[in-house]
Amino acid sequence: MARQERALRTREALIRAGAEHFARDGFVAASLSTISRSAGVSNGALHFHFENKRALAQAVGEHARRTLRLVVEEAWAGGTHALPVLVEATFGLVRRLADDVVLRAGFELGAPAEGGGSSLRQEWRWRVDEMVGLAEAEGWIAPGARAEDVVTAVVAATVGFESMGREDRAWLSGDTVRGFWDLLLPRLTDQPAGLFFPTRKRPQSRYEMPPFDRMSGRTEGPSGA
């Protein structure tokens, strides 16, 4: 059991170290030797868990996808109507982007580094599209506001916040998100602002790495693994 727990901690440390370097240096420039040093493990331990840099990037991307899905799930847990849930999800996403380097790296990496498939930005667009579609079906979208235009505005703004936040963390703030919605909501819906910005503060959950790593059956390896 101790060896298994050590292997899981090593894997998690490598994912976080990889995310830090991918987010800062990009996939191409990041080196496995630098990542292993940052994680405090040997190169042998890194290669035990990840065959190559692309495999590590894929693990970072998987973690980031789980975080994104958790953001949406938490937003739904606090609401019943799709449009307020969408607003809350944008706050939750930006909050997590500010605090979670693995999520930031997942957006930065994109599909090519993960080995194909859709990018994290594309998955976020799908989530937004789903919530806007539900809001329209519920009658929360004002006449004259096209659902596809709403999706475009929300995705462009939030992905823009993520991109600008790499250099200036002020973009990843609740005030930035609130300013965006203050501008958009009056044209988007007739519902009162209090439904979207309650005066009470929502509790913020403490996020921990999703346990997808525990699905791996490999629990033994070189020293440090």
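The structure presented is a predicted model; accordingly, all values stated were derived computationally and were not measured.
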Checklist line | Distance-only polar pair, side chains of Thr34 and His21, donor-acceptor under 3.5 Å | finding: no
Notebook entry, point to check: Side chains of Glu108 and Val60: does their closest heavy-atom pair fall under 4.5 Å?
Noted result: no
Item checked: Pair Arg96 + Glu162, salt bridge at N-O below 4.0 Å -> no
Check: Between the side chain of Ser163 and the main-chain N/O of Val159, is any donor-acceptor distance below 3.5 Å?
Finding: no
Check: Nearest heavy-atom pair of Ala82 and Glu138: which atoms, and what distance?
Finding: N-OE1, 3.1 Å
Note to self: Tell me the closest heavy-atom pair linking Phe27 and Ala57, and the distance in Å.
What the structure shows: CE1-CB, 3.7 Å
Note to self: Assigning hydrophobic clusters by single linkage (Ile, Leu, Val, Met, Phe, Trp, Tyr; side-chain heavy-atom cutoff under 4.5 Å), is Val177 placed with Met164?
What the structure shows: yes
Notebook entry, point to check: Do the side chains of Phe197 and Phe91 get nearer than 4.5 Å, heavy atoms only?
Noted result: yes
Next item on the list: Would you name the heavy atoms of Val132 and Leu86 that are closest together and state the gap between them?
Entry: CG2-CD2, 3.7 Å
Check: Rounded to the nearest 0.5 Å, how far apart are CG of Leu56 and CD of Glu51?
Finding: 12.5 Å
Notebook entry, point to check: At what distance, to the nearest 0.5 angstrom, does CG of Leu172 lie from CG of Leu97?
Noted result: 6.0 Å
Note to self: Hydrophobic cluster membership, with links at side-chain heavy-atom distances under 4.5 Å among I/L/V/M/F/W/Y: are Val94 and Trp76 in one?
What the structure shows: yes
Notebook entry, point to check: Is a side-chain donor or acceptor of Glu74 paired with a backbone partner of Gly92 at a separation under 3.5 angstrom?
Noted result: no
Next item on the list: Before giving the answer on side-chain contact (heavy atoms from CB on, under 4.5 Å), spell out for Val102 and Thr67 the whole-Å C-alpha distance, their side-chain angles and the decisive distance to 0.1 Å.
Entry: CA-CA 9 Å; Val102 183; Thr67 302; 6.0 Å; no
Checklist line | Separation between CG of Asp129 and CD of Gln122, rounded to the nearest 0.5 Å | finding: 9.5 Å
Notebook entry, point to check: Measuring from Arg146:CZ to Thr152:OG1, what's the distance to the nearest 0.5 Å?
Noted result: 8.5 Å
Next item on the list: Supply the atom-to-atom distance Gln58 CD to Ile15 CD1, rounded to the nearest 0.5 angstrom.
Entry: 11.0 Å
Next item on the list: Pick out which of Glu62, Glu130, Glu123 makes a salt bridge (charged side-chain N to carboxylate O under 4.0 Å, His left out) with Arg69.
Entry: Glu123
Check: What is the minimum heavy-atom distance between Asn43 and Ser33, and which atoms define it?
Finding: OD1-CA, 3.6 Å
Check: Going through the checks in order, is the side-chain contact (heavy atoms from CB on, under 4.5 Å) test met by Trp124 and Thr90?
Finding: CA-CA 10 Å; Trp124 171 239; Thr90 61; 4.1 Å; yes
Next item on the list: Only counting residues at least two apart or in another chain, list the ones meeting side-chain hydrogen bond (donor to acceptor under 3.5 Å, both in side chains) with Ser173.
Entry: Thr176
Result block: side-chain N/O donor-acceptor pairs under 3.5 angstrom for residues 182-194, not counting sequence neighbours:
residue, atom, partner, partner atom, Å
Asp182, OD1, Arg178, NE, 2.9
Asp182, OD2, Arg178, NE, 3.4
Thr189, OG1, Trp140, O, 2.8
Thr189, OG1, Gln191, N, 3.2

Item checked: Closest non-hydrogen atom pair between Val154 and Thr158, with its separation -> O-OG1, 2.7 Å
Margin query: Between Arg16 and Glu20, does any NZ, NE, NH1 or NH2 come within less than 4.0 Å of an OD or OE carboxylate oxygen?
Written below: no
Next item on the list: Taking the side chain as every heavy atom from C-beta outward, state whether Leu103 and Leu120 have any atom pair closer than 4.5 Å.
Entry: yes
Item checked: Over 12 non-hydrogen atoms of neighbours within 6.0 angstrom of CD in Glu148 -> yes
Checklist line | Summary of ring-ring contact (aromatic ring centres under 6.0 Å, His included) pairs that have at least one residue in residues 151-192, sequence neighbours excluded | finding: none
Next item on the list: Indicate yes or no: at least one non-hydrogen side-chain atom of Phe50 is less than 4.5 angstrom from one of Ile35.
Entry: no
Next item on the list: Evaluate the salt bridge (charged side-chain N to carboxylate O under 4.0 Å, His left out) criterion for residues Arg127 and Glu73: first the C-alpha distance (whole Å), next the side-chain angles of each, then the deciding distance (0.1 Å), finally the verdict.
Entry: CA-CA 11 Å; Arg127 300 281 177 170; Glu73 289 171 5; over 6 Å; no
Next item on the list: Heavy atoms only: give me the nearest Ala13-Ala39 pair and the separation to one decimal.
Entry: O-CB, 3.8 Å
Notebook entry, point to check: Nearest 0.5 Å, what's the CZ-OG distance between Arg37 and Ser31?
Noted result: 6.5 Å
Note to self: Under a 3.5 Å distance rule, please check whether Lys53 uses its side chain to pair with a backbone N or O of Leu32 as donor and acceptor.
What the structure shows: no
